[in-house]
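Any value given below was found using the heavy atoms of this structure, including those in side chains, with hydrogens, waters and symmetry copies removed. Start at 1 with the first residue, then count along the sequence.
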Amino acid sequence: MSAHDAHSDVTSPAPLETTSSRAPQRARVGLNLFWRTFFLLAILLVGSILAWLQTLRALEFEPRALQTAQQIASLVNLSRAALVHSDAIARVSLLKTMAEQEGVRILPREPGDKFEPLTSTPLGSRLTQELTQRLGPGTIVAGSVNGESGLWVGFTINDDPNWLLMDRSRLSTAGGKTWLIWLITVGALSLAGAAMIARLINRPLKQLSDAANRVRDGDFANSRLDEEAVTSEIREVNIGFNRMAQKLAKLEQDRAVMLAGISHDLRTPLARLRLETEMSVGDDVARQHMVADIVQLDATIDKFLDYARPDNAVALSPVNLHGVVSSCVYAVQDHRELQITMNVPEDLIVMADEVELARVISNLLENARRYGKNRDTGVTTVDIAAKAREKWVLIKLRDHGPGAPPEQLTNLTKPFFRGDSARTAAAGAGLGLSIVDKTVQRMGGIFALANSASGGLVAHIQLQRATNLPDGQGPEQRLQRPQIKRHLPPRSSAPAAQQKPPHQKQ
C-alpha cells in the first residue's frame, strides 16, 4: 500500500463523522409510574361511574313511570269527582282555579279532534299502559291534540268525553343538568381519590428511585430511606436498600483509601528515581527521555490521586492535540516494532485533560504494537490523523494488521476481554481498550472501533473542539516532549519467522 493510499484510508469517513448530521430520532413519549397508575385508576373509576349511571337510570325508570301514572290517574279521578258533584257556577270557578293554579285544563273532546299518541318512548309506552289499566279501556293518552302539544288524557264525565291537558314536564325524567352535575361531582371526587391513591402507591417508589440515583452519583450520605415506614413491605425494601448503600459506601471508601495509598507510596521512590537519573545518567539524550517518562508516570499518579477523591470529575481544559500525540509518539519512537506516521495539525486544540488524553493515545499505540503487527515483517505500521468537524475533533489511529472479527468489535472495550487468534497475539490483561473507552467518555467524547476496508483496526475518537481562546494565550503544557530521538543499535538480522511473537490469544 502506498503512502497516499494509507493517508486516504486514514482520513476516510468514519461512523463518528456522521453522528452530527444524522436526523434526530423521535423521542419516545413515556409516562412515569404516577401518571400511569393515575390514568388506570381514572379509567376504572369513570367506567364504574358510567355503569352505575346506567344502572340507576334503569332502576329509576319503573318507579317513576308508576308514580307519574298514579299522580295523573289521581288528578283525573279528582277532577271528574269535583266536576260531577259541583253546580254550574262552581264548575266554572273550579275549572278556572285548576287552570291558573295547577296548570291543568279540562276541555270537551269533539269527534273531529285530531290527536297524536304519546311519543313512543319506553316511559311513554309504560305510562299509557298504566293509565289505561287504572282509568279504563277507553282512556286515551296523547302527545298533542289539534296541533297543541302537551300531556293529554281523554276520559269521560257522565258519558261526556273530555280532555285533561297538563304540562309535559310531569312526564320528563330526571336527566340533563341533574345527571350532568351528579356525574361531574362524582367524577371529580373519584379522580381526586385516584390521584391520592396513585401518589401513596408511587411515593415510596419515587423515593427509592431518587435514592438509587444518588447512590449512582456517589452521594451515599443523602441516600438513606425511611426505615420506619408504615407498610411492612416498603419498610423491608428500605432497610435492605440502606444496608446495600452502606456496603457500597464502605467498598468505595476502601477503594479510595487503597488507591490513594498506592499512589502516595509511589511518589517517594519515583522522586528519588528522577533525582538519581538526573545525577547519574551521563547521556543527555537518554537522561531527557528518562526524565520525560518519569514526569509522565508522576502525572499519571496524580490522576490516581484525583480518582481517589470524592469529587473525581475530570476538569477539561484546552489541550494542543499535536503536542500530546507528539509526546506519546516520542515515548515509543525508538521501538523497533513500531513505525508511526502523523497527520495532526499543529494548531488543533481540543477540550480534554492532557494526562488523560496521553493515556488514551499511549494505550492505543501499545494495543497496535501488540496486536497490529504485519504477519510477514513483525512490524506494526500506525497512521495517526486528526481533523476538525464543526464543534468536534475526529482522531483516527489505524494499524495495518489483521484486524479483529466483526462480531468481537463490541466486546474489545470490555474489561479483561481478549480476542481470539484473528489478531497477532501477545500477552495482555485486556484492559487497554477498556481504559481508553472509559477515559474518552469521562472527557465527554465518543470512542469506536472498526475494521478498515483495506485491512487493520481503526480506532475513532471524537472530542470537543476548543474555541474562543484568548489572543496570545495557548494551552498549558504539562508533559515533557524531548525533541531528540535516541539512536539504538540496529536490529538483528534474524529471520522474520524467529522475530514474530508466539501465537496467543489477545
Asks: Taking the side chain as every heavy atom from C-beta outward, state whether Val350 and Gln464 have any pair of such atoms under 4.5 Å apart.
Replies: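 Not touching, per the 4.5 Å side-chain cut-off.
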Asks: How far apart are the closest heavy atoms of Ala198 and Leu41, and which atoms are they?
Replies: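 Result for this residue pair: N-CD1, 4.2 Å.
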Asks: In sequence, state the C-alpha distance, the side-chain angles, and the governing distance for Ile201 and Ile197, and then conclude on side-chain contact (heavy atoms from CB on, under 4.5 Å).
Replies: CA-CA 6 Å; Ile201 293 175; Ile197 295 174; 3.7 Å; yes
Asks: If you measure only the distance, is there a donor-acceptor pair under 3.5 Å linking the side chains of Asp383 and His400?
Replies: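 Judged by distance alone, the side chains do pair up.
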Asks: Take Met244 and Lys247 through the test side-chain contact (heavy atoms from CB on, under 4.5 Å) and record every step on the way to the result.
Replies: CA-CA 5 Å; Met244 180 195 68; Lys247 290 186 178 181; 5.9 Å; no
Asks: Measure the SG-CZ distance between Cys328 and Arg359 for me, rounded to the nearest 0.5 Å.
Replies: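 Cys328 atom SG to Arg359 atom CZ measures 11.5 Å (nearest 0.5 Å).
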Asks: Determine whether more than 12 heavy atoms belonging to other residues, nucleotides or ligands lie under 6.0 Å from atom CZ of Arg243.
Replies: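 Counting other residues, nucleotides and ligands, CZ of Arg243 exceeds 12 neighbours.
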Asks: List the residues meeting salt bridge (Lys or Arg N to Asp or Glu O under 4.0 Å) with Lys250, not counting sequence neighbours, and say none if there are none.
Replies: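 So Lys250 forms a salt bridge (Lys or Arg N to Asp or Glu O under 4.0 Å) with Asp254.
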Asks: Does the pair Asp210 and Asn213 meet the rule for a side-chain hydrogen bond (donor to acceptor under 3.5 Å, both in side chains), with working shown?
Replies: CA-CA 5 Å; Asp210 294 340; Asn213 290 333; 4.6 Å; no
Asks: Can you tell me if CE on Met196 sees more than 12 non-hydrogen neighbours from other groups inside 6.0 Å?
Replies: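 Open.
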Asks: Identify the heavy atoms of Ala212 and Phe241 that sit nearest to each other, and give their distance.
Replies: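 The pair with the smallest heavy-atom distance is N-CZ, 3.7 Å.
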Asks: Hey, could you give me the CE/CH2 distance between Met351 and Trp392, rounded to the nearest 0.5 Å?
Replies: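 Here the rounded value is 11.5 Å.
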Asks: Side chains of Leu397 and Val458: closer than 4.5 Å at any heavy-atom pair?
Replies: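 No, every pair of side-chain atoms sits at 4.5 Å or beyond.
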Asks: Are Leu409 and Asn451 side-chain neighbours, meaning at least one heavy-atom pair lies under 4.5 Å?
Replies: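 Yes, close enough: below the 4.5 Å cut-off.
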Asks: State, without any angle test, whether Thr380 and Asp399 hold a side-chain donor-acceptor pair at a distance under 3.5 Å.
Replies: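 Thr380 vs Asp399: no donor-acceptor pair found between side chains.
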Asks: CG/Leu321 to CG/Leu357 distance, rounded to the nearest 0.5 angstrom?
Replies: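 Output value for this atom pair is 6.0 Å.
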Asks: With the side chain counted from C-beta on, respond yes when Met342 and Ser326 share a heavy-atom pair under 4.5 Å apart, and no when they do not.
Replies: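 Met342 reaches Ser326 side chain to side chain.
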Asks: What's the spacing between Met443 CE and Ile446 CD1 if we round to 0.5 Å?
Replies: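 These two atoms lie 12.5 Å from each other.
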Asks: Any sub-3.5 Å donor-acceptor pair from Asp353's side-chain atoms to Glu356's backbone N or O?
Replies: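 Judged by distance alone, yes, a pair lies under 3.5 Å.
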Asks: Working to the nearest 0.5 Å, report the span between OG1 of Thr341 and CZ of Arg398.
Replies: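 If we round to the nearest 0.5 Å, Thr341:OG1 and Arg398:CZ are 10.0 Å apart.
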Asks: Output, in order, the C-alpha distance, side-chain angles, deciding distance and verdict of salt bridge (charged side-chain N to carboxylate O under 4.0 Å, His left out) for Lys373 and Glu337.
Replies: CA-CA 8 Å; Lys373 294 178 181 178; Glu337 300 174 341; 3.4 Å; yes
Asks: Quick one: are Ile184 and Ile181 in side-chain contact, heavy atoms under 4.5 Å?
Replies: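 The answer is no; the side chains never approach within 4.5 Å.
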Asks: Evaluate Val237 against Ile239 for side-chain contact (heavy atoms from CB on, under 4.5 Å), listing each step before the verdict.
Replies: CA-CA 5 Å; Val237 170; Ile239 293 174; over 6 Å; no
Asks: Can you tell me if Ser209 uses its side chain to pair, donor with acceptor, with the backbone of Leu205 under 3.5 Å?
Replies: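 Not a single qualifying donor-acceptor pair exists.
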Asks: Look at the side chain of Arg214 and the backbone N and O of Asn222, then say whether any donor-acceptor pair between them is shorter than 3.5 Å.
Replies: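 Yes, Arg214 side chain to Asn222 backbone: donor-acceptor pair under 3.5 Å.
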Asks: Can you find a pair of side-chain heavy atoms, one from Arg465 and one from Glu390, that are under 4.5 Å apart?
Replies: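 A side-chain contact is absent here, since even the closest heavy-atom pair is not under 4.5 Å.
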Asks: Give the minimum heavy-atom separation between Pro318 and Ile349, together with the two atoms involved.
Replies: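 Nearest pair, atom of Pro318 first, then Ile349: CB-CG2, 3.7 Å.
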Asks: If you measure from CG on Asn238 to CD on Glu233, what distance do you get to the nearest 0.5 Å?
Replies: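 So the CG of Asn238 and the CD of Glu233 are separated by 11.5 Å.
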Asks: Is the shortest heavy-atom distance from the side chain of Asn343 to the side chain of Ile384 under 4.5 Å?
Replies: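 Counting from C-beta outward, Asn343 and Ile384 never come under 4.5 Å.
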Asks: Could you go through the side-chain contact (heavy atoms from CB on, under 4.5 Å) check for Leu463 and Ile395 one step at a time?
Replies: CA-CA 8 Å; Leu463 295 175; Ile395 309 168; 4.1 Å; yes
Asks: According to side chain to side chain donor-acceptor pair (under 3.5 Å), who are the partners of Lys391, at least two apart in sequence or on a separate chain?
Replies: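 Partners of Lys391 by the side chain to side chain donor-acceptor pair (under 3.5 Å) criterion come out as none, since no residue qualifies.
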Asks: I'd like to know if the side chain of Asp219 and the backbone of Val215 have a donor-acceptor N/O pair within less than 3.5 Å.
Replies: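 Such a contact is absent between Asp219 side chain and Val215 backbone.
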Asks: For a 4.5 angstrom cut-off between non-hydrogen side-chain atoms, does Asn320 reach Val324?
Replies: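 Asn320 vs Val324: side chains apart.
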Asks: If only atom types and distance count, is the side chain of Ser223 paired as donor or acceptor with the main-chain N or O of Phe220 below 3.5 Å?
Replies: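 Such a contact is found between Ser223 side chain and Phe220 backbone.
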Asks: Sort out for me which residue in Asp437, Asn367, Val436, Leu449 forms a side-chain contact (heavy atoms from CB on, under 4.5 Å) with Leu412.
Replies: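 When Asp437, Asn367, Val436, Leu449 are each tested with Leu412, the side-chain contact (heavy atoms from CB on, under 4.5 Å) holds only for Leu449.
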